[in-house]
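Protein chains get the first letters and strands the later ones, always in sequence-line order, with residue 1 at the start of each.
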There are 2 protein chains.
Amino acid sequence: MAAKIDTPAIYESMRHKLVTAVFPPGQKLKPAVLIGDYGCSINTLREVLLRLSAVGLVTFEDQRGFRACAASARRQHDLTRFRILLEQEGATHSIRNGGLEWEARLTAAHHKLWHIESHIADQGEIAPMVDLWCAAEWEFHDTLMSACDSALLRQTFAQIYDQFRQQMVTRENNFGYFSGNLQEHADIVAAALDRDEPLVRRRIHDHLSRNLITIGVSDATAQSRFSSTAGA
Amino acid sequence: MAAKIDTPAIYESMRHKLVTAVFPPGQKLKPAVLIGDYGCSINTLREVLLRLSAVGLVTFEDQRGFRACAASARRQHDLTRFRILLEQEGATHSIRNGGLEWEARLTAAHHKLWHIESHIADQGEIAPMVDLWCAAEWEFHDTLMSACDSALLRQTFAQIYDQFRQQMVTRENNFGYFSGNLQEHADIVAAALDRDEPLVRRRIHDHLSRNLITIGVSDATAQSRFSSTAGA
DNA sequence: AAATATAAAAATATTGAAATTTCATTTGTT
DNA sequence: AACAAATGAAATTTCAATATTTTTATATTT
């Protein structure tokens, strides 16, 4: 029998390549080329790209195909502000709803992240540990919101986090940008365990707001996911 | 010439049928049946359903097809809280960024909505004007956020609004539920024109919070849009 | 009668190819 | 030389048919 097709696996693989800049922002994504990497037909890959455009990692224009979502200062700015909103809200909910279980999970996730970030700080470069760090950072931020009882909020946050990561990839190699993380993550945990909502909000804001770049007027990139079908 | 296929139009038509309960929540959506309404192939309709599942109006399970997103108290509750968050934030941005232009648009949108709602209040029933009212209500809430400079926020709000509407359709015919709207919409406009951010936030909350139903533990409906491929 | 196994039917997923549209290049005109 | 129209190649969209999986109905066993 011909090897069975695992569409979810193809989706996951493509998603990973998008958030890690194997397909850098703006790159054209041609189904006919990509089927070489997976043993499936053009149509199946088209479906996968369609789903990825749904979660904002890929842009789709009628009759002219797919592209890895382009990077722009404006988009980065917008994603950052939105992420701050979602993460502040989610963390606040967690503080209210979360019990000892949540505290334990958060402590564990932070311990792992702290270990990896210490290592990176010692080495003075991120590159060799970037995959490990990405996984740990996601786990940390997701755990912070994990006691929030809104499925919608967590779902949306996961999407925005991926889009945010996609915008950041080129910059993550910059050690200078990275260097404050160790302390900031620790501060967030401390405030969360103290159940100090306003302080957690402030520290989440400070942690993320480094990405709030002042944007020039020249950057007027279109943002819509589906140029022709966007619900409105 | 064979009649050309207009995929965006099919998408829009299906979306409309979902938010107006032509396809009631939970209903199975079989591509093979639906192609009867549009002159297209199964494959094209599958793409449309895939996109609709991306914006949360349709659920998709691997190997067992599509369904109009089910209604549940839990989901309704979740959507309401998230909508309050987004609308408060968007309105706040609008107050800060919006100028005379925005005030004029808001006044105009409210005037139309007020006219329709007065009519409904006089008649004592919604049914005959439900389509008009839906359009006017969307325009009002969208305009309220229209001076917000976050494309992401407006985009997400549009999606959540549709999902919210999908959950509400059965209840909108209930006149008792409707009756407070006239005054509430007017109050929101008044506070917005006064540039009173805290008051706008409170009134948006009060306007929407009627939908914050207490939910029982029995309602544990799954919420994920893509059971098999959801990011993260 | 309840539970399990089997077979038929229905629905879904995938494919390869045809029809349509866009893109890049060449050709012809002012 | 500059601009417009035409050509051909590449990419995208759509279709109809095939393979796979799930569901339904029927028969068999406990």
query: With sequence neighbours left out, what residues match B:Lys30 under salt bridge (charged side-chain N to carboxylate O under 4.0 Å, His left out)?
result: none
statement: The ring-ring contact (aromatic ring centres under 6.0 Å, His included) partners of B:Phe66 (sequence neighbours excluded) come to B:Phe60
query: What residues, two or more places apart in sequence or in another chain, satisfy salt bridge (charged side-chain N to carboxylate O under 4.0 Å, His left out) together with A:Arg64?
result: none
query: What residues, two or more places apart in sequence or in another chain, satisfy ring-ring contact (aromatic ring centres under 6.0 Å, His included) together with A:Phe23?
result: none
task: Using whole Å, report how far OH of B:Tyr38 lies from C1' of D:dC15.
output: 19 Å
Check nucleotides 12-15 of chain C for protein N or O atoms closer than 3.5 Å to its own N or O atoms and list the pairs.
unit_1: C:dT12; atom_1: OP1; unit_2: B:Lys28; atom_2: NZ; d: 2.6
unit_1: C:dA13; atom_1: OP1; unit_2: B:Gln63; atom_2: N; d: 2.9
unit_1: C:dA13; atom_1: OP2; unit_2: B:Arg46; atom_2: NH1; d: 2.0
unit_1: C:dA13; atom_1: OP2; unit_2: B:Arg46; atom_2: NH2; d: 3.4
unit_1: C:dT14; atom_1: OP1; unit_2: A:Thr7; atom_2: OG1; d: 2.9
unit_1: C:dT14; atom_1: OP2; unit_2: A:Thr7; atom_2: OG1; d: 3.0
unit_1: C:dT15; atom_1: OP2; unit_2: A:Ser41; atom_2: N; d: 2.7
unit_1: C:dT15; atom_1: OP2; unit_2: A:Ser41; atom_2: OG; d: 2.8
unit_1: C:dT15; atom_1: OP2; unit_2: A:Thr44; atom_2: OG1; d: 2.6
unit_1: C:dT15; atom_1: O4; unit_2: B:Asn43; atom_2: ND2; d: 2.9

message: So, using ring-ring contact (aromatic ring centres under 6.0 Å, His included) as the criterion, who are the partners of A:His93 when residues are at least two apart?
response: none
task: Find the distance A:Leu49:CG to D:dA11:P and express it as a whole number of Å.
output: 15 Å
